[in-house]
Structures are given as structure tokens and as C-alpha cells.
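What follows is a set of notes on a single structure, which appears directly below.
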Amino acid sequence: MEERNHPNMEPWDRDSYETGSTKPPKSHGGAVAVLLIAVILLCSAATALGIMNIKLYRKLQEDPSVSFSAGTQPTGNPTEPSDAPPVPTGGSLSLDLQPTPGEVANVSQEGGLSYQEIYEKNIPSVVSITCTLSGGTASGTGVVLSADGYLVTNSHVVEGARIIRVRFTDDRVMTASLVGADTVSDLAVLYVEADDLIPAEFGDSSRLRVGDAVAAIGDPLGEEFRGTMTDGIVSAINRDVTTGGRTMTLIQTNAALNSGNSGGPLINCYGQVVGINTMKISTFVDGAGVEGLGFAIPSTTVKEIVDQLIAQGYVSGRPDLGVTGESVSQLNQRYYRLPAGFLISEVEPGGGAADAGIVAGDIIVTFNGTRIQSADELEAALYACQAGDSVELTLYRYRTGRQFDVKLTLEEADG
């Protein structure tokens, strides 16, 4: 108020202040100048480092010994192959399990082979598998079953594959056809047009004992490390492992297995394939830092499944709900106010689900009274049934916002 009454008063006249210092404010021009200089220096240093990083990156790209590829790479929209051979119908191949010599202690290895001999015997029968998917690639390992083109690998290796390429140890690359796949056992049979392949010798896994020496051959992390052999022992037999809603009885081993080993052989000390490697523990539990816990499908199971896949393309007795789909994402649950469950994207025409009035867009929320909140839970409930069983489903229909029950009979899956 006093300044308004004395407009010509000096800004820092002592009489214009009632409290506090009456000295004029200090100038901060010097401090501001120092700060600006520091900012300019920091920006210059960051620019210089950026230029150095760009030059280093270009140099690494030009160095052929350095690879920047890792994991799955997008491949756009690949076209369907035209060079895949037709799958023979009504195949008559039956996998033979050769008699395994008497039990051999690890110490003496009497009658067994050295690891070098095991590798030389089996490496011609181990193949690298690369699959082209709708949005990338996947890789794994396979084993030659017969000279005339049949191979075995894991079902999850070829799941969703549009093109399957197989590389042999002589560097031949062939396009393979899918003969049949069984997700319950995680086994699949492929076929390539060849008549000069070297089949692996399969042994009887029922003769295994805990402590038996074994070796694994495969492509850990992909073809870059193809043909890698690791050794170990049988850590446990008849180990029940539940994953993806199904329980599998497997061989446990401490032989090192990594992504890419899937579908490769587990070999005994006689050079016989006694299992097909399928997973390590970190693939189905929070296994950060867990090592030495790998699993393989016993050769007795491999024979049972492979013989049926070759003969008819599917495994008898597997139940089929007649729908495909996926879990309802949390985003869709919140945005569209949908219940957790299995969202049906396609209904098989003429199947039990279609006859029951189920349509694409319906959500399965219970299966025989069991609450379903994901695709894995639906698989677990389905695998507990047999073809021909009658089941009751509770579904939610988004278009009407209502929930209803249906009954249907499970059919036999035919591939």
C-alpha cells in the first residue's frame, strides 16, 4: 500500500520496507552463467558418446564373426510351401525296440560305448528343425525313425508351423510334412521325401535304472549350436510332471537341456535312444537359476504314440471338444466386462459343439462343474475325459449377456 502512495520512491528505499532486510537483492547472473556452461559441456559429451556408439555398432555389423540374431525373429507373412511331399496314407512302419544288453554299472562300463562312440553312432540320425510360424520362427531337434523319411520330434516344436524345414548332418535341407501330432504326449511325426536316411537305434526305456549314464544331442538355442552333446545320468524314472493341463510320466535327467534341445534324443551307454527330450523344469515353474532338471519321454511311450501317428495320423481315444480358442485376456475382461474363461474363436462344423448350439464368441466358464479360467484349465479338464463321454458346459454369450448350460458328447480327435 505504501508503494502506491509514493510512486516515485526508489525500489529499495529503506522506508518502503516494514520488515526484513532493506538491502537490494543480490544478482545471480554469475551462477546462471556457470550452470549454462555446465549444461553445454554435458550435452557435448553425450553427443560425442552417441557418435562413438553409432560408429562401434556399424563396425560390429560389418564384422562377419559377430551375430545379432537371438530368439524368434519376425518373418512377415510367409507363403505356404509347394515343395512339401504328400504324406503316405496308411503307413505300415512299426518302430522296433531292440533288446538292451544286461545292466552295466557306470564304473566299469563293460559292454558300453565311450561318449565319442555314442556321438559318432547317433549324430547322423539327429536333425535340426526350423518352423516358420505366422509371426516368426521356432526351432528344435528331431530323430530319424526310418530310412524312408519318417522323423520324430516334440509336438510343441511344430505347433502352429506353416513351413517345416529339416537340416541333416550332411547339410541337406528338406521341407517336411506333418504326419500327425499328439499334444497329450508332446510327440509329432514328420515325413520328408528321402530313402537314404540313417535311422537311430531305439532301446527299451523300461530297463533304465537311476544312475545309468546317458547323453543328449540337440540344438541348444538353435542351429548355431547344432549337434551339441551333453552328458549326465538318469536322475529318476516314472516321474509324473504336470504341464499345460496334462500329466506326463517322464525320465528325469541332469544332462543339460536348453531351448532347442526339444525333440532330440536321450541316449544310453550303448548308443540307443531311450527317450525324446521334451522340457526342463524352468519351462513350467519359476525355475530361475534351476539347473540339472531335464525330462525326456520314455521310448516305450514313443513307440506307442509313433506307431499310431504313422498308421492313422492320430492317437486313438483322445477326446475332442470340437472348438478352438484362447484364454480371455485380463484386458478384455476389464474393458468388455467379460468373465474369465476360454474364448471360442472357431467351432468345428458338424461336431458336437456345433450341434449343441455353441458359436464363435461364446466363453466356456465351467466344464462338468469345474470352473474354467484359462485354456490350460480347460485342457486339464478335457484330458481327464475319454472320447464318448458326455459333458456339461456353462457358457457366457457376450452378444446377449446371458449365461447358459449345454450338454454334448466328446468325439474322438482325429489329428
Open item on the list: Please determine whether the number of non-hydrogen atoms from other residues, nucleotides or ligands lying under 6.0 Å from atom CZ of Arg402 exceeds 12.
Closed with: yes
Open item on the list: If we ignore hydrogens and angles and just use 3.5 Å, is the side chain of Asn277 paired with the main-chain N or O of Gly263 as donor and acceptor?
Closed with: no
Open item on the list: If you define the side chain from C-beta out and look only at heavy atoms, does anything of Asp240 sit under 4.5 Å from Thr242?
Closed with: no
Task: Pairs involving residues 309-324, ordered by first then second residue, that meet salt bridge (Lys or Arg N to Asp or Glu O under 4.0 Å) (sequence neighbours left out) - done: Asp182-Arg318
Donor-acceptor pairs under 3.5 Å, side chain of residues 225-233 to any protein atom, not counting sequence neighbours: which ones?
residue, atom, partner, partner atom, Å
Arg226, NH2, Asp171, OD1, 2.4
Thr228, OG1, Phe225, O, 2.5
Thr230, OG1, Ala256, O, 3.0

Task: All salt bridge (Lys or Arg N to Asp or Glu O under 4.0 Å) counterparts of Glu223, not counting sequence neighbours - done: Arg167
- [ ] Identify, with sequence neighbours excluded, every residue that meets ring pair (Phe, Tyr, Trp, His ring centres under 6.0 Å) alongside Tyr191.
- [x] Tyr150
Task: Contacts of Asp405 that satisfy side chain to side chain donor-acceptor pair (under 3.5 Å) - sequence neighbours left out - done: Thr394
TODO: Identify the two heavy atoms, one from Leu187 and one from Val302, that lie closest to each other, and give their separation to 0.1 Å.
DONE: CD1-CA, 3.8 Å
Task: Pair listing, salt bridge (Lys or Arg N to Asp or Glu O under 4.0 Å) test, anchored in residues 266-277, at least two apart - done: none
Task: Heavy-atom pair of closest approach, residues Ser205 and Val274 - done: CB-O, 3.3 Å
- [ ] Examine distances only and state if a side-chain atom of Thr153 and a backbone atom of Thr141 form a donor-acceptor pair shorter than 3.5 Å.
- [x] yes
In residues 332-358, what donor-acceptor pairs under 3.5 Å come from side-chain atoms, sequence neighbours left out?
residue, atom, partner, partner atom, Å
Asn332, ND2, Ser329, OG, 3.3
Gln333, NE2, Val328, O, 3.0
Ser345, OG, Thr324, O, 3.2

- [ ] Without swapping roles, check the side chain of Asn268 against the backbone of Gly271 for a donor-acceptor pair under 3.5 Å.
- [x] yes
Task: Minimum-distance pair of heavy atoms, taken over all atoms of Ala84 and Ala176 - done: CB-O, 4.4 Å
- [ ] Return the set of residues passing salt bridge (Lys or Arg N to Asp or Glu O under 4.0 Å) with Asp196 (not counting sequence neighbours), or none when no residue passes.
- [x] Arg172
- [ ] Kindly write out the residues that satisfy side chain to side chain donor-acceptor pair (under 3.5 Å) with Asp204, not counting sequence neighbours, or none if the list is empty.
- [x] Ser206
Open item on the list: Using every non-hydrogen atom in the two residues, find where Arg399 and Val359 come nearest and quote the distance to one decimal.
Closed with: NH2-CG2, 3.5 Å
Open item on the list: Can you list everything that forms a side chain to side chain donor-acceptor pair (under 3.5 Å) with Thr183? Sequence neighbours excluded, please.
Closed with: Tyr383
Open item on the list: Donor-acceptor pair, distance only, cut-off 3.5 Å: does the side chain of Gln252 make one with the backbone of Phe295?
Closed with: no
Open item on the list: If I compare all heavy atoms of Val87 with all of Ser177, which pair ends up nearest, and what's the gap?
Closed with: CG2-CB, 3.6 Å
Task: Contact list for residues 115-143, test salt bridge (Lys or Arg N to Asp or Glu O under 4.0 Å), sequence neighbours left out - done: Lys121-Glu201
TODO: Check Ser299 against Gly203 and note the closest heavy-atom contact, atom names and distance.
DONE: OG-O, 2.6 Å
Task: Qualifying salt bridge (Lys or Arg N to Asp or Glu O under 4.0 Å) pairs with a residue from residues 356-379, counting only residues at least two apart or across chains - done: Asp362-Arg397
